[in-house]
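Counting starts at 1 for both ligands and their atoms, in listed order. Note: hydrogens, waters and symmetry copies are ignored here, and every other heavy atom, side chains too, is used.
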Amino acid sequence: MAKRTIVTMPGDGIGKVVLPEAIRVLDAAGFDAEYVHADIGWEFWCKEGNPLPQRTLDLLETHKISLFGAITSKPKSDAANELAPELQNKGFVYYSPIVGLRQHFNLDICMRPCRTFKGNPLNFIRRGPNGVVEEPEVDVVIFRQNTEGLYGGVEWTNPPDNVYAALASHPKFKKFADSPREELAVSTRIFTRRATERIVRAAFEHASQFGYKSVTVCEKPNVIRETSGMMLSIAKETATEYPGIALWNTNIDAQMMWLTKNPEDYGVIVSGNMFGDIVSDGFAGLVGGLGFACSANIGQEVAIFEPTHGSAPKYAAYTESIVNPIAMVLSACMMLEHIDENEMAARVRNAVARVVEKGRVQAYDMLKLKGSVDVLEKGAASTRAMTDAIIAEL
Ligand code: NAI
Ligand code: MG
C-alpha cells in the first residue's frame, strides 16, 4: 500500500496535546504515513483574522484525509478584542472553523460510534429486577446529517419584508402575527432530499456492512411533519433494499428517555443535524463521555476525524497533561477504517479495550476525579502514560 499523506490539524488547547499522541499510536501500529501540519483555530484568528486559512483548505483539497484535534471559540466581543491591533475594526468577523470546514467541503455525514469498553468505570449501569445491577453493552453508531437543518444558518431576527410576507402566507402563522416583527426570531430547519437520502443511505450501508440488525430514524415526524417526515419516508423507501435490517422509528424526546432503559437494543441511528447532535451526546454519556467520544465528518471527497471534545483550555498548559487521549485515538481508528485499514484499526481498538479492561492505567476522568494538577499524585495516568499503555498493548 502506498504511503498515505494525512493532514493534521491540532488546533488549540488540548487538541495540540492529544493529536500527537494519536500519531504515536498510529506509528506503533505500523501505519505508514506522512503527516502534513495545517493551521487552524484561535491563534490564526488573532494573528490573521481567519481561523481557517486558505492554505489549510488547499492542503485538505490536495490530501483529502485529516485528523483534527479541537479548536477554541469565544463570544463575539472577545473575538473582536483579541484580534491583533493592526486587524481591529477592519471588518473581520469570527466564524467557527469546524462549521466552516463542514460547509466548505460538504462534509454532510457525521458518524459517531458509541461502544462500551468492558471494565470502563464510566460505563452506564442500571438496576434490574430484584435489585441486580446490570451493565448493558452499548454498540450504537449515530449518523447525523451534518450540514442542514437547524444548523443550516438560514435565520433572522426581525425578518425582512419578503421573508415576513412568506411566513405570513402560512395559515399557522396567525398566532405569531400579533407580535411586533422586530421581536420575532426565526431559525429555519431545511432538509433537502439529496442530503437526507445520503445520510439515510450511509446509515443502512453501515448497518449492512457491520451486521447491525436495525436502523432507527430518531426524529419527530408526528410534529415536525415536513422535515422529519421526509427523513422517515426516505428511510422507508431505502429499507426495502435492505431486507435483513429492521427500520425503527423513535421520537427524539422519547429516545432520550429510553436511553437509560434499553440502550443495548439500538444499532444504527440516523437523525437530522440537531437531533443527531443531541442523541449522540446522550449515547456517548453511557460509554465514557468526552474522554471516549470519537467522530468522523465525511464528504464525497474529504473526510475529517476528530474527538467530540473541545480544546479544554483549563488543561492546555499543564506541563504533564492529564486529559484522556482515547477519544482522539478512537477517531484515528475511524480514519483507518475509512481508508480500508480495517485490520490495523481493529488492532488499535483492541489495544485500547485491553488497557481499559485491565484497569491498571486510568486517566483522571476514569477515576472520576475532578481535573487538577494533583490527579497524577492520586493515581491518575497522564495523557502520555495512557498512550504508552495503549502502545504497550499493541
Ligand atoms: P471541552 O470539551 O473542551 O471541555 C469540557 C470538559 O470536558 C473539560 O473541562 C474536561 O473536564 C472534560 N474533557 C474534555 N476533553 C477531555 C478529555 N480528552 N479527557 C478528559 N476530560 C475531558 O468543552 P468546553 O469547556 O465547553 O469548551 C472549551 C473550548 O472548546 C471552547 O472554546 C469551545 O468553543 C471549544 N469546543 C470545541 C469543539 C471542537 O473543537 N470540536 C467542541 C466543543 C467545544
Ligand atoms: Mg456537540
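For ligand 1, the atoms lying closer than 4.0 Å to a non-hydrogen atom of T308 are 42 (C). Here is the list of ligand 1 atoms found below 4.0 Å of a heavy atom in V323: 17 (C), 18 (N), 19 (N). Each of the atoms 32 (O) of ligand 1 lies under 4.0 Å from some heavy atom of T72. Near I98, meaning under 4.0 Å from any of its heavy atoms, are these atoms of ligand 1: 39 (C), 40 (O), 41 (N).
Within a 4.0 Å radius of atom 15 (N) of ligand 1, the protein contributes at least one heavy atom. When distances from atom 26 (O) of ligand 1 to the protein are checked, no heavy atom turns up under 4.0 Å.
Scanning all protein heavy atoms for the shortest distance to atom 28 (C) of ligand 1 gives P313 CD, 3.5 Å. Of the protein's heavy atoms, I71 O, 3.0 Å lies nearest to atom 37 (C) of ligand 1. At the shortest separation from atom 3 (O) of ligand 1 among protein heavy atoms lies A312 N, 2.7 Å. Scanning the protein heavy atoms around atom 34 (O) of ligand 1, the nearest turns out to be S73 OG, 3.0 Å. For atom 9 (O) of ligand 1, the closest non-hydrogen atom of the protein is K314 CE, 3.0 Å.
A distance of 10.5 Å separates OG1 of T250 from CE of M256, quoted to the nearest 0.5 Å. Taking OG from S77 and CD from E82, the interatomic distance works out to 9.5 Å, rounded to the nearest 0.5 Å.
Inter-residue side-chain proximity for M231 and R193 is flagged as unmet; no heavy-atom pair is nearer than 4.5 Å. Within the 4.5 Å cutoff, the side chain of S331 has no heavy atoms near those of the F68 side chain. No side-chain heavy atom of I298 sits less than 4.5 Å from a side-chain heavy atom of L107.
In this comparison of I322, N324, L290, the heavy atom closest to atom 6 (C) of ligand 1 sits on L290. Nearest residue to atom 21 (N) of ligand 1 from Y315, F292, Y364 is Y364 (criterion: closest heavy atom). Closest heavy-atom approach to atom 2 (O) of ligand 1 within the set A70, S311, G310: this belongs to G310.
E241 and R201 are joined by a salt bridge, as a carboxylate oxygen and a charged side-chain nitrogen come within less than 4.0 angstrom of each other.
Ring geometry for Y364 against Y315 counts as perpendicular: the plane angle is over 60°, on a 0 to 90° scale with 30° as the lower cut.
Ligand 1 does not have V18 within reach: every non-hydrogen atom of the residue lies 4.0 Å or more from it. Assignment of E306 to the shell around ligand 1 is supported, since a heavy atom sits closer than 4.0 Å.
I245 and W248 are members of different hydrophobic clusters when ILVMFWY side chains are connected at heavy-atom separations under 4.5 Å.
Under a 3.5 Å cut-off, the side chain of D12 and the backbone N or O of T72 do form a donor-acceptor pair. D78 contributes no side-chain N or O that, together with a main-chain N or O of K74, makes up a donor-acceptor pair within less than 3.5 Å.
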